[in-house]
Amino acid sequence: MSELIKGEKYDWEMVIGLEIHAQVKSNSKLFSASSTKFGSLPNSQVSLVDAAMPGMLPVINKYCIEQAVKSGVGLNANINNYSVFDRKNYFYADLPQGYQISQYKFPIVGEGKVTIDFKDGTSKDIRIVRLHLEQDAGKSLHDQNPSKTYVDLNRSGVALMEIVSEPDIRTPDEAGMYITKIRSILMYLDTCDGNMQEGSLRADVNISVRKPGDEYGTRCEIKNLNSIKFIKQAILYEAKRQIEILESGGSIEQNTMLFNTTTGKTRPMRNKEEAHDYRYFPDPDLLPLEISEEEVQKIKSSIPELPDELKNKFIDIYKLSSYDASVLTAEKHTSDYFNATINSNKELKKYAKIIVNWITSELFSLLNKNNIELTNSPVSPKNLGQLVKLISSNEISGKIAKDVLEEMFSSGKSAREIVDEKGLKQVTDHSQIEKIIDQVIEKNPKMVQEYLGGKDKLLGFFVGQAMKESKGKANPKILNDILKNKLNKEN
Ligand code: ADP
Ligand code: MG
């Protein structure tokens, strides 16, 4: 799926690797019992350990370890029975310990892979190098006082999973699909809440460019991007910047960059010479982490159905296209909703494709417009199922069904209630439709002459008029048949 970008002289290929930071979903921090709740008053969730008071000792949170193992299994990765927590030493105002506890040589999760699916039905594997656990830092607040910087340590010590990919990604779209897939897997597993706005999932993007077939070029790393849109923008800007330098005879310095979300540009933060030497060493306060194979197996057996399995199941049982199935399984809420809809009535099994369409086009667009999450949808799965039944049994037309859905959405009523109340039932009675058509033909003698004179396109006009006359309720097929019949008889 390589897509080249044009320079002045050559076509170039992007080479991209992501380091994703995913906050572990856990009520308490990695090495302390403080709460991880988002949005609380600054410094209201800070224990003596998180504030790095002298003599305080970290205690491993077993739940966070299980969450990391679960995530590793979800990424089709090897779980390491032996891993080590290291100190990564650097000075920063929001890091009271003066080091971050992380994993370096011995991460808890080793090599894995995730699959991304393209619209054309093809797919691609992105290899994962590792997943390791580490502590988050605090947060400097620069906008609270004109002359002072404050620090909020609520986030200090919260567990993060860093997921490092091989540089297998080739386009900004692939980068977007990759992080979307990771997010989806972690959310199915319930190991990360996936909330990118709140920073629960963010990424450092490494990017270099090369002429196709060449060795990898020198990369730059863009730090801390928290939206898929920004990730794509930053990659494209950075690739173009590197290409311009290379084509004018320069070379790329291995820099760490920041992305300005307002200007859409990257700028260097530090270069390789200024790179930190973190002086990693095993944290003497923590023993190596050993997990028995038995424990790993126990965690494995607790894992729910993941998006890829569910996707294959949907293809298998409901004969959906690979693309439809991947849209349906991208978010757990969506597949849950689909399952609840199709299981609400035995007869609905045959109409999977129609259900998918109504969920992913009509219902999603109403939810978007009103800024409502699917989990809070005013249209219940059962009611959507009923609507699909009314459509598939020809009781209402697809066009009327759209209005009915809108009304269901705003009133919370069922499809059946609305159809009965408003008398929207489709007219299939031939004599009734015939009457309407006769009227339309009578009212438009000139048009009839033109039609008979060869202006075939006018058929659409008659259909429209008759449909309007029936208030949209006439069965379109019957209407069409009768109309053609009648017009031809006029001849
Ligand atoms: P470091 O230890 O300096 O962070 P890593 O080898 O762990 O370096 O790589 C970090 C990230 O950079 C990985 O996601 C990897 O896929 C990516 N990467 C490595 N080499 C390149 C390259 N030449 N171009 C783009 N990305 C790269
Ligand atoms: Mg790195």
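Remember, it's 1-based here, ligands and their atoms both numbered in the order they're listed. Since the model is a prediction, treat every value here as computed from it, not as a measurement.
At least one cation-pi condition fails for Arg87 and Phe281: the charged atom is not both under 6.0 angstrom from the six-membered ring centre and inside a 45 degree cone around its axis. A cation-pi arrangement is absent between Lys265 and Tyr237 under the rule of less than 6.0 angstrom and at most 45 degrees off the ring axis. Stacking of Lys211 on the aromatic ring of Tyr10 is recorded, both the 6.0 Å distance cut-off and the 45° axial limit being met.
Contact of the Thr115 side chain with the Lys124 side chain is not registered, since no non-hydrogen atoms from C-beta on lie closer than 4.5 Å. Leu57 has its side chain out of reach of Phe31: every pair of non-hydrogen atoms, C-beta onward, lies at least 4.5 Å apart.
Each of the atoms 24 (N), 25 (C) of ligand 1 lies under 4.0 Å from some heavy atom of Val15. Within the listing of ligand 1, atoms 22 (C), 23 (N), 24 (N), 25 (C) sit less than 4.0 angstrom from a heavy atom of Ser208. Close approach of ligand 1 to Leu18 (heavy-atom distance below 4.0 Å) involves ligand atoms 14 (O). For ligand 1, the atoms lying closer than 4.0 Å to a non-hydrogen atom of Gly217 are 23 (N).
By the criterion of a heavy-atom distance under 4.0 Å, the backbone of Glu166, and not its side chain, is placed next to ligand 1. With a 4.0 Å heavy-atom cut-off, ligand 1 is reached by the side chain of Val164 but not by its N, CA, C or O. Neither the backbone nor the side chain of Val129 comes within 4.0 Å of ligand 1, counting heavy atoms alone.
Asp193 and Lys25 are not joined by a salt bridge, as no carboxylate oxygen comes within less than 4.0 angstrom of a charged side-chain nitrogen. Salt bridge present: Lys6 and Asp11 bring a charged side-chain N and a carboxylate O closer than 4.0 Å.
One option in Gly17, Pro167, Ser165 has a heavy atom closer to atom 13 (C) of ligand 1 than any other, and that option is Ser165. Of the listed options Met14, Glu162, Arg219, Arg219 places a heavy atom closest to atom 10 (C) of ligand 1.
Below 3.5 Å of separation, one finds no N or O of Ile16 facing any N or O of ligand 1.
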